[in-house]
Number of protein chains: 2
Amino acid sequence: MATPQDRQLVEQWRSIQSTYFRTAGAIDRALESRFSIGLTEFEILDLVAESADAACRMKQLGERTPMTQSAMSKVVDRLEKAGLISRHSCEDDRRSLFLELTDAGRALHGEAAVEHRALLKENLA
Amino acid sequence: MATPQDRQLVEQWRSIQSTYFRTAGAIDRALESRFSIGLTEFEILDLVAESADAACRMKQLGERTPMTQSAMSKVVDRLEKAGLISRHSCEDDRRSLFLELTDAGRALHGEAAVEHRALLKENLA
DNA sequence: TCAACTTATATGACACGTCATTGAATGACA
DNA sequence: TGTCATTCAATGACGTGTCATATAAGTTGA
């Protein structure tokens, strides 16, 4: 029933879980305490910062993250309320929105990214 | 600012996240639909099934999972309500509890474990 | 051009996890 | 033994994620 291969799979899985939780937790706590945003919020900022080219992005961003569409929408709500991001409706397709960092958002992202990368390095070594 | 090493770290991180969410999601949906328990519940069942030797385990189980003590307590609540596990108070230290699978719990764990291992194999290849 | 269908985002109800706190039992030591 | 600190587990308030659905805009084809 519990073959050696099974055990090895389970070990591998626990190791992934452990890395994931340790890393995500460390980043989340650091960003929360220094910048008052969570990991999820940062990840959206990071994606928006990356895709600097114009596009109707709300949708496309969704394809680059494991987040649900509905989760995305709520994260963007929070970021907008925090004044870090703005939604602009798309001329070609008024159902779509594209996102843009505000100046504050860009500044915060810059600093937070340093922290983020540092913690990744520390935890994924 | 964005060194190649940074990009590589971020890529590695996204890959871990993706594997984690894909795998956890697949297992969770499968267990939910076939056995009406979630991944979290299964993981506790699995830990209890593993540590068949007697001990005041609630605490010790906590050390083997990234879950919070409070989360553990609530998961065990659900498992107990579902009749899959039972809490027994510990003679030596009446603050502690140890856990035991019920017959139903053992049976369900046996079947669910097969599914669990299969999905790990599929997703962690 | 008007239905019927599809697509993009928002929203509400709900489930689950975390943090902070509580209650109870234990330990340490004057 | 009496006090104070510590440890184990449970609980309530709260935040955030998911699913199902709503709303609005676009598409298709007779």
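A, B, ... follow the sequence lines: proteins, then strands. Residue 1 opens every chain. These values consider heavy atoms only, across backbone and side chains, with no hydrogens, waters or symmetry-generated copies.
Looking at the side chain of A:Arg78, the nearest of the listed nucleotides C:dC16, C:dA10, D:dT16 is D:dT16. Among C:dG17, D:dT18, C:dT9, the nucleotide with an atom closest to any side-chain atom of A:Ser96 is C:dT9. Considering only the side chain of B:Arg95, D:dT6 comes nearest among D:dT6, C:dC19, D:dA9. Side chain of B:Ala71, nearest nucleotide from D:dC19, C:dT18, D:dT11: C:dT18. Between C:dA8, C:dA10, D:dA9, one nucleotide has an atom nearer to the side chain of A:Ser73 than all others, and that is C:dA10.
The interatomic distance linking A:Met67 (CE) with C:dT9 (C1') rounds to 15 Å, in whole Å. For the pair A:Gln69 CD and D:dA20 P, the computed distance is 13 Å after rounding to whole Å. Residue B:Lys81 contributes atom NZ, which lies 12 Å from atom C1' of D:dT11 at whole-angstrom precision. When the P atom of D:dT11 is taken as reference, atom CE of B:Met58 falls 10 Å away, rounded to whole Å. Rounded to whole Å, the distance from CG on A:Asp28 to C1' on D:dG15 is 11 Å. In this entry the distance linking CD1 of B:Ile44 with C1' of D:dA9 reads 14 Å, nearest Å. Taking atom NZ on A:Lys59 and atom C1' on D:dA25, their separation rounds to 14 Å, with Å as the unit. Distance, B:Leu97 CG to C:dA25 P: 12 Å, rounded to whole Å.
In this structure, B:Arg94 reaches the C:dT26 phosphate: one of its side-chain N or O atoms is under 4.0 Å from OP1 or OP2. A sub-4.0 Å separation between OP1 or OP2 of C:dG17 and a side-chain N or O of B:Thr40 is present. Distances shown here put every side-chain N or O of A:Lys74 at or beyond 4.0 Å from the OP1 or OP2 atom of D:dT16. Dashed line: the shortest gap from a side-chain N or O of B:Thr68 to OP1 or OP2 of C:dG17 is not under 4.0 Å.
Annotation: of the two residues near DNA chain C, A:Arg87 and B:Ser70, the 5′-most nearest-nucleotide partner is A:Arg87.
Classification of the B:Trp13-A:Tyr20 ring pair by plane angle, with boundaries at 30° and 60°, yields parallel.
Contact check for A:Ser51 versus A:Gln60: no side-chain heavy atoms found under the 4.5 Å cut-off. Within the 4.5 Å cutoff, side-chain heavy atoms of A:Arg14 are placed close to those of A:Glu11. Side-chain contact between A:Glu41 and A:Phe35 is absent, with no heavy-atom pair separated by less than 4.5 Å.
Taking a cutoff of 4.0 Å between a charged side-chain nitrogen and a carboxylate oxygen, A:Arg34 and A:Glu111 do not qualify as a salt bridge.
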